[in-house]
Amino acid sequence: EAQVTQNPRYLITVTGKKLTVTCSQNMNHEYMSWYRQDPGLGLRQIYYSMNVEVTDKGDVPEGYKVSRKEKRNFPLILESPSPNQTSLYFCASSLSQRARNEQFFGPGTRLTVL
Amino acid sequence: QQQVKQSPQSLIVQKGGISIINCAYENTAFDYFPWYQQFPGKGPALLIAIRPDVSEKKEGRFTISFNKSAKQFSLHIMDSQPGDSATYFCAATPGRGAGGTSYGKLTFGQGTILTVHP
């Protein structure tokens, strides 16, 4: 089944404790993104990757890191999480950066930083 | 700065009624306008999309109306059903003419929580 998977689905952590949220897709997609969803703000792009070893900042990159060493995986790293990073996170992938390619979203990771 | 403004924030409709969600944008480089549907506990999924060279696109009970001069577009759900209860996001993306890394980047509206009562 074609899908985007994320782990963990739920995470409660404390301020300053490094964490990684994994994302994997099995569709051989080139383009991958991370979004955060907050009430009243919609989905905002954190980072994106156009292909292996090619990553760039989205609209809200502060406090996050990413890497793209393999085409299928795009982990999101919070080196020193803070309470304002409490949010619902989504990974997404699409065939390429091309404007009309459908983006496929993972099931989400709900993160709480105490 | 919210480049795509969506309203209302929430909407309650009776079964069989029409649900209407509106979006407005400023960036004239946007040239593709998808709508995503998100059920509780799930990620968003593409519902329907429109290009700016057409004024309306219909897929079953879902219709997008597009007004290029007003820079507005809307989603109409006819004969709304309880199963349509979800959060709806409009989005916009620049075309190739925008150049660089903007091309293909999705900008989302704030979302509308739709509840359809039986």
Side-chain angles (χ1 to χ4, degrees), chain A residues 1-10 21 23-25 27 29-51 54-61 87-110, chain B residues 1-10 21 23-25 27 29-54 57 86-113:
Chain A
E1 179 191 356
Q3 61 183 346
V4 178
T5 57
Q6 294 178 229
N7 282 292
R9 295 289 313 277
Y10 302 92
V21 183
C23 172
S24 183
Q25 50 90 7
M27 296 170 279
H29 284 171
E30 290 184 349
Y31 190 81
M32 297 185 74
S33 285
W34 275 103
Y35 296 89
R36 60 178 289 173
Q37 181 178 350
D38 301 290
L41 296 176
L43 291 146
R44 294 178 294 166
Q45 191 182 56
I46 302 170
Y47 267 94
Y48 66 93
S49 169
M50 287 189 278
N51 215 324
V54 182
T55 64
D56 208 347
K57 297 176 181 178
D59 297 318
V60 288
S87 187
L88 180 57
Y89 291 87
F90 288 99
C91 180
S93 73
S94 62
L95 197 59
S96 71
Q97 189 189 5
R98 186 170 175 268
R100 294 168 188 181
N101 282 326
E102 176 181 355
Q103 289 208 20
F104 294 86
F105 284 79
T109 296
R110 186 165 292 281
Chain B
Q1 180 190 2
Q2 193 76 37
Q3 292 195 52
V4 179
K5 295 184 179 178
Q6 183 173 346
S7 63
Q9 193 168 355
S10 62
I21 304 170
C23 287
Y25 65 96
N27 188 350
F30 288 149
D31 83 340
Y32 185 62
F33 302 88
W35 285 85
Y36 281 76
Q37 179 187 53
Q38 181 185 29
F39 292 108
K42 304 289 187 183
L46 180 65
L47 178 64
I48 186 174
I50 196 167
R51 303 186 319 266
D53 53 347
V54 298
K57 182 172 181 180
T87 299
Y88 292 81
F89 293 98
C90 62
T93 182
R96 189 178 291 278
T101 57
S102 294
Y103 175 53
K105 179 183 182 297
L106 274 175
T107 296
F108 286 90
Q110 296 92 325
T112 297
I113 301 172

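In what follows, chains are A, B, ... by sequence order, proteins preceding strands, each numbered from 1.
Considering only residues two or more places apart in sequence or on other chains, B/Y32 meets the ring pair (Phe, Tyr, Trp, His ring centres under 6.0 Å) condition with none of them.
For the pair B/Y36 and A/L43, the minimum side-chain heavy-atom distance is 4.5 Å or more. The shortest distance between side-chain heavy atoms of B/Q38 and A/F105 does not fall below 4.5 Å.
Counting heavy-atom neighbours within 6.0 Å of B/Q9 CD, excluding the residue itself, gives a total of 12 or less.
There is no contact between A/F104 and chain B, counting heavy-atom distances below 4.5 Å. The part of A/Q45 that comes within reach of chain B is its side chain, from C-beta onward, which places non-hydrogen atoms under 4.5 angstrom from that chain. Both the backbone and the side chain of B/P44 have a heavy atom closer than 4.5 Å to some heavy atom of chain A.
Here the straight-line distance linking atom CG of B/L46 with atom OG of A/S94 works out to 11.5 Å at 0.5 Å rounding.
When each of B/G43, B/G111, B/P34, B/A91 is scored by its heavy-atom pairs under 4.5 Å with chain A, the top score falls to B/G43. Between chain B and the options A/Q37, A/R110, A/R9, A/Q6, heavy-atom pairs under 4.5 Å are most frequent for A/Q37.
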